Amino acid sequence: MSYHAPQPPPSSPQRHLLNAFGPHWMPPYPTGPIYPPYPPFYQPNLIPGPPPPQNLPGTIATSSPLKNVQIHEFWASRIAPMPGSISGTRLKPHPWNPHYLPANVYGTSSDISDSPRSSQMVVKGKKNKQTEEPFNLNKFAEIYVPQSLRDIQCTTHTLDPLPAAQEYPPASYTETFLPVSLMRELANPHAADLLVSPPPSVSTTVPPLEPHSYYPHWSHLLVHELDRLADDKASVVLWETGIKVYDWFATEFVISVPGIRENYPRLEVGDLVHMREVLLPHRTPSARAFEGRIIALRKREGLVNIYCPALKRYIHQRGFQSAYISDLEDGMPVFSPSDDIPLFFNCTWLMNSRPFCDMDAAARVFGNHLAIMGPHLARRWLFPEKSDMRKPIPLREAGEDTKWIDHGLNEEQRLAVSSIVYHHSPVPFLISGPPGTGKTRTAVETVLQILRIQPESCILLCAPSNPATDVLVQRLRHNLTPKSLLRLNGENRSFAELPIELMQYCHVENNKFALPDWASLMKYQVVACSCIDANALVTGLCTNSALIKLEETVTNSLHPHRSSKHRPKPHWTHLIIDEAAQGSEPELLVPMSVVLTPHDDEMDQGVVDQLSFSPQLVLCGDPNQLGAIIISDVARQGDLDVSLLERLFQRRLYAEHEHARSNIAALSSFQRTNFAPFVNLVKNYRSHPAILMPPSAIFYDDSLEPFADNGTISWSKLPNPALPLLFIGHNGLEDCTDERVSFFNSREIKLVRDTCKSLIAERELSSPPLRPEQIGVMAPWRQQVWKIREDLRKKGLGGVDVGTVEDYQGQENRVIILSCVRTQEQFLKDDQKRGIGLVSERKRMNVALSRAKELLVVIGNGNFLKRDPYWRSFLQFTLRNNLYTGPDLDMPVDGNYISRLESLYANPSANGDLLDENQQDMRLVRFAGGIAREVLKE
């Protein structure tokens with residue numbers, strides 16, 4: 001069931017409910033009736049609230065690793081308290097700094113006053129008194145915010161804080177298996193070092209990414225990204241917003257936040273909301289504020305579920321009556337989701353900094369190990385050198401009778417699995433694969449073969465996101481039982497987010513996901529979790545370092561006189577991270593810190609038994625697809641958005657290897673003379689060769705090979721039936737309905753609808769016949785997604801799958817229709833700041849163009865898109881091959897990015913007499929482009 005903010009009655013047309021980014025224009029005080037009308041017993045100044053709790057500091061002592069953490073006052077009012085701590089009871093004036101407000105979304109302090117005459121929305125032909133420049137009415141102008149509402153943000157409030165969040169797992173967890181002396185020695189004293197001081201100046205030089213400055217480098221970037229995220233969240237105010245009941249018994253409420261549809265503000269489960277009460281009709285403060293915690297994000301509906309027990313008490317104390325008086329809870333009325341609560345608030349956000357603290361702590365662990373230098377595992381994982389691969393390191397010979405569990409693997413996929421299972425790589429083993437090459441399939445077979453060949457292994461299996469981790473578990477569950485496979489979830493994850501078939505692989509306590517007891521955890525051979533959720537193993541001291549220390553302590557205590565000291569083997573023998581390019585390097589360091597061992601390995605000896613003490617690291621992904629979204633300029637300039645997988649592939653060990661992706665001849669040969677710590681998957685089992693041509697040339701060094709065995713799409717609208725790809729150009733402009741949060745393009749909606757109708761009308765011509773559910777529509781903005789979906793449903797095409805580009809990462813369909821939406825330059829700065837859209841977003845463009853199996857249709861404004869060099873190359877491809885329809889493109893045709901596939905599949909008959917003049921020109925262009933390609937490669 002969906003809930004919507006209450007709408008104003010017809011008798012009061014000026015009373016619009018204020019949305020997430022400020023109100024529409026309204027006079028300083030309402031002239032119509034107050035909405036919603038308050039009950040007769042509503043007396044805001046006479047009903048006392050609960051006695052304020054004891055004023056506590058920002059942090060309290062706990063027995064967890066965060067004990068006695070002293071958070072700098074710079075952060076105290078901008079981030080949620082750490083586990084074991086609570087907020088103070090005085091809510092200071094909101095630190096609303098217009099300097100950080102995104103351009104064209106929020107006004108500046110000079111734009112906002114109580115008088116509508118100061119708004120920039122002035123009448124056409126009038127002049128601004130300050131600039132004396134004419135302005136026109138602009139529907140995209142900044143939003144007017146009354147000064148009376150802003151004054152509420154400048155008032156100190158009495159805050160009802162939430163109870164302290166508990167550590168996950170609790171501090172008592174380690175007491176079940178570790179001696180007290182080891183608990184003190186192994187506890188992480190640096191869990192919140194990121195918060196002990198404010199961020200350095202933006203002019204401060206970022207420490208280089210080198211072994212000696214590894215931790216300072218990432219700490220510098222993380223603190224700037226945290227600072228920027230906190231500022232962005234603090235700058236978003238939900239003015240005079242209403243609230244709905246979601247689940248009265250669970251103390252859950254709902255707030256409408258339209259911006260989360262496009263991940264702005266970037267709210268996460270665990271963030272806090274501060275709600276300052278607004279008293280109508282004069283918008284005066286009540287001096288009362290409430291603190292809630294985000295427990296669910298419903299982005300499709302633009303709604304946020306919050307947990308706020310203090311608000312529930314307050315509603316009863318104000319004497320509000322439920323529509324269902326007969327329903328009572330402890331003698332008090334029970335409210336249902338249909339009830340309107342006549343309370344309004346100015347809401348602001350505090351982010352949960354714990355993930356950043358976890359990443360910072362993991363970076364410190366590796367920084368400390370890198371200080372040792374020499375052949376230590378941390379250095380070989382993060383800064384591998386050619387000298388680390390002096391000798392092949394076979395564990396055993398791979399037999400020809402290998403019992404493959406997945407019999408459909410091709411030669412290169414089997415090579416990747418065998419290289420990991422039958423060898424011990426002293427450096428990270430990398431599996432790179434473009435869309436449709438079976439990366440996840442290879443990772444799953446690797447897990448199963450490790451367990452078959454090395455039955456004593458324990459594998460930590462991770463991915464940056466929960467959905468990607470769920471995919472891994474769904475594929476493994478056909479071969480592994482719940483006794484050997486654990487799906488470890490964060491405690492804040494809701495049951496609804498998890499596929500129902502995976503519940504049997506999870507551990508639940510007190511109606512929440514939890515970490516199993518230590519003895520049970522040690523029995524699992526595969527533990528799957530997201531990279532950030534792997535910190536539960538760090539907090540619970542279930543890391544290789546802690547477990548090896550425990551075994552050494554126990555063994556040495558039992559055998560104090562033994563001359564040869566026992567060297568334990570690691571519990572976690574393998575770490576496999578799928579979709580590794582989607583996470584930042586510090587994010588991947590969290591699971592890596594779980595499997596990192598404390599000892600140096602004597603690599604010079606080249607002893608296999610010695611190397612078996614080191615876990616293996618496997619990274620699998622595609623550096624050319626969507627990665628971590630970073631919003632801080634300092635962090636981006638320092639390459640926080642560059643994944644570890646991408647960085648490692650740039651090191652000489654991988655980039656200059658004879659089997660590197662840039663060496664096409666090597667890619668086609670698998671008779672390797674020496675062990676290579678990587679495999680590049682190039683066989684594409686998804687797409688028609690024509691669909692592979694642009695991404696192969698633009699993003700993958702012209703290396704993709706078509707191996708798809710699909711059906712065919714026959715469609716009369718294709719100008720070149722041999723190549724199932726079409727670009728439909730237009731000159732329509734985009735629009736928006738919610739103050740530049742999300743956009744739609746009416747012209748493209750009509751073109752999408754007409755394309756779908758035409759395809760379905762000719763469905764019998766395709767083989768097999770095309771069904772609506774085999775058509776997928778992508779758009780970079782959710783407003784476009786919803787409007788397309790609504791339009792198609794009206795035409796009886798509700799089976800067509802419509803989603804954003806992010807929704808389609810890892811997905812595919814027979815037909816993909818891409819709606820680009822953007823046509824106006826004035827919005828590009830905002831797009832780049834938020835990391836959305838398809839212009840100047842190379843990786844998002846790659847994902848969008850690589851989802852189709854049999855037909856790709858792109859709808860956009862070609863004359864606008866051509867300013868992006870990647871889109872310009874794509875448009876050149878469509879012009880060369882007669883795949884463009886629409887307004888003329890003022891763009892000469894050239895041979896830029898002509899791939900081998902285009903030379904092979906798009907070359908007309910060699911008999912020049914049968915070609916018209918234009919076809920002969922295109923043939924010459926392809927020929928010249930092919931020669932240039934080969935010369936450049938030489």
Side-chain angles (χ1 to χ4, degrees), residues 57 59-71 81-86 163-196 354 357-358 360-362 364-369 372 458 460 486 488 490-491 507 509-510 512 514-524 527 529 533-562 565-572 590-599 613 615:
T59 61
I60 61 175
T62 71
S63 59
S64 71
L66 301 175
K67 181 176 181 179
N68 298 324
V69 170
Q70 297 300 320
I71 297 177
M82 299 297 285
S85 305
I86 65 172
Q166 299 300 313
E167 186 79 6
Y168 175 66
S172 59
Y173 184 86
T174 56
E175 298 174 359
T176 61
F177 66 96
L178 280 180
V180 176
S181 59
L182 278 183
M183 288 175 57
R184 296 194 185 117
E185 179 182 347
L186 297 172
N188 183 6
H190 309 292
D193 273 4
L194 200 68
L195 308 176
V196 299
R354 185 62 193 274
C357 292
D358 295 341
D360 181 76
R364 177 183 287 273
V365 169
F366 277 89
N368 292 339
H369 281 273
I372 301 173
C458 289
L460 182 59
L486 170 68
L488 178 62
E491 64 169 352
H507 183 75
E509 291 180 6
N510 300 322
K512 283 187 175 182
L515 187 67
D517 64 90
W518 181 75
S520 299
L521 178 66
M522 294 296 102
K523 295 178 182 178
Y524 289 104
V527 174
C529 63
D533 287 341
N535 191 68
L537 300 172
V538 178
T539 304
L541 296 180
C542 297
T543 64
N544 272 341
S545 295
L547 296 174
I548 287 175
K549 186 68 175 178
L550 172 62
E551 186 172 349
E552 287 178 337
T553 301
V554 172
T555 302
N556 293 337
S557 299
L558 291 173
H559 307 286
H561 304 296
R562 180 175 291 174
K565 295 298 182 182
H566 172 69
R567 184 175 178 182
K569 294 185 178 181
H571 173 78
W572 306 104
V590 177
M592 290 169 63
S593 68
V594 174
V595 301
L596 185 67
T597 55
H599 299 295
F613 289 103

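Being a predicted model, the structure only gives us computed values, none of them experimental.
When every heavy atom of Tyr524 is checked against every heavy atom of Pro516, the shortest pair comes out as CE1-CG, 4.2 Å. In terms of heavy-atom proximity, Leu488 sits nearest to Ala514 at CD1-O, 4.1 Å. The minimum heavy-atom distance linking Ile548 with Pro568 is given by the pair O-CG, 3.9 Å. The heavy-atom pair separating Leu515 from Pro169 by the smallest distance is CD2-CG, 3.9 Å. The minimum heavy-atom distance between Ser545 and Leu596, with the atom names listed, is OG-O, 3.1 Å. The nearest pair of heavy atoms linking Leu521 to Cys542 is CD2-SG, 3.6 Å.
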For residues 175-185, tabulate all N or O donor-acceptor pairs below 3.5 Å that involve a side-chain atom, not counting sequence neighbours.
residue	atom	partner	partner atom	Å
Thr176	OG1	Tyr173	O	2.7

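We find the CD-CG distance between Glu491 and Asn510 to be 11.0 Å, quoted to the nearest 0.5 Å. To the nearest 0.5 angstrom, Thr543 atom OG1 is 11.5 Å from Leu460 atom CG. Atom CZ of Arg364 sits about 4.0 Å away from atom CG of Asp193, to the nearest 0.5 Å. Here the straight-line distance linking atom OG of Ser593 with atom CG of Asn535 works out to 7.0 Å at 0.5 Å rounding. In this structure, NE2 in His559 is found 6.5 Å from OG1 in Thr555, a value given to the nearest 0.5 Å. Atom NE2 in His507 sits 7.5 Å away from atom OG in Ser520 (nearest 0.5 Å).
Between Asn544 and the choices Lys569, Lys549, His571, the side chain to side chain contact (heavy atoms under 4.5 Å, CB included) rule is met once, by His571.
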- Task: Start with the C-alpha distance between Val594 and Val590, add both sets of side-chain angles, then the distance that settles side chain to side chain contact (heavy atoms under 4.5 Å, CB included), and finish with yes or no.
- Result: CA-CA 7 Å; Val594 174; Val590 177; 5.6 Å; no
- Query: Which is it for Leu547 and Trp518 under the side chain to side chain contact (heavy atoms under 4.5 Å, CB included) test, yes or no, and what are the steps along the way?
  - Reply: CA-CA 11 Å; Leu547 296 174; Trp518 181 75; 3.7 Å; yes
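Applying the salt bridge (charged side-chain N to carboxylate O under 4.0 Å, His left out) criterion to Asp358, with sequence neighbours excluded, gives Arg354.
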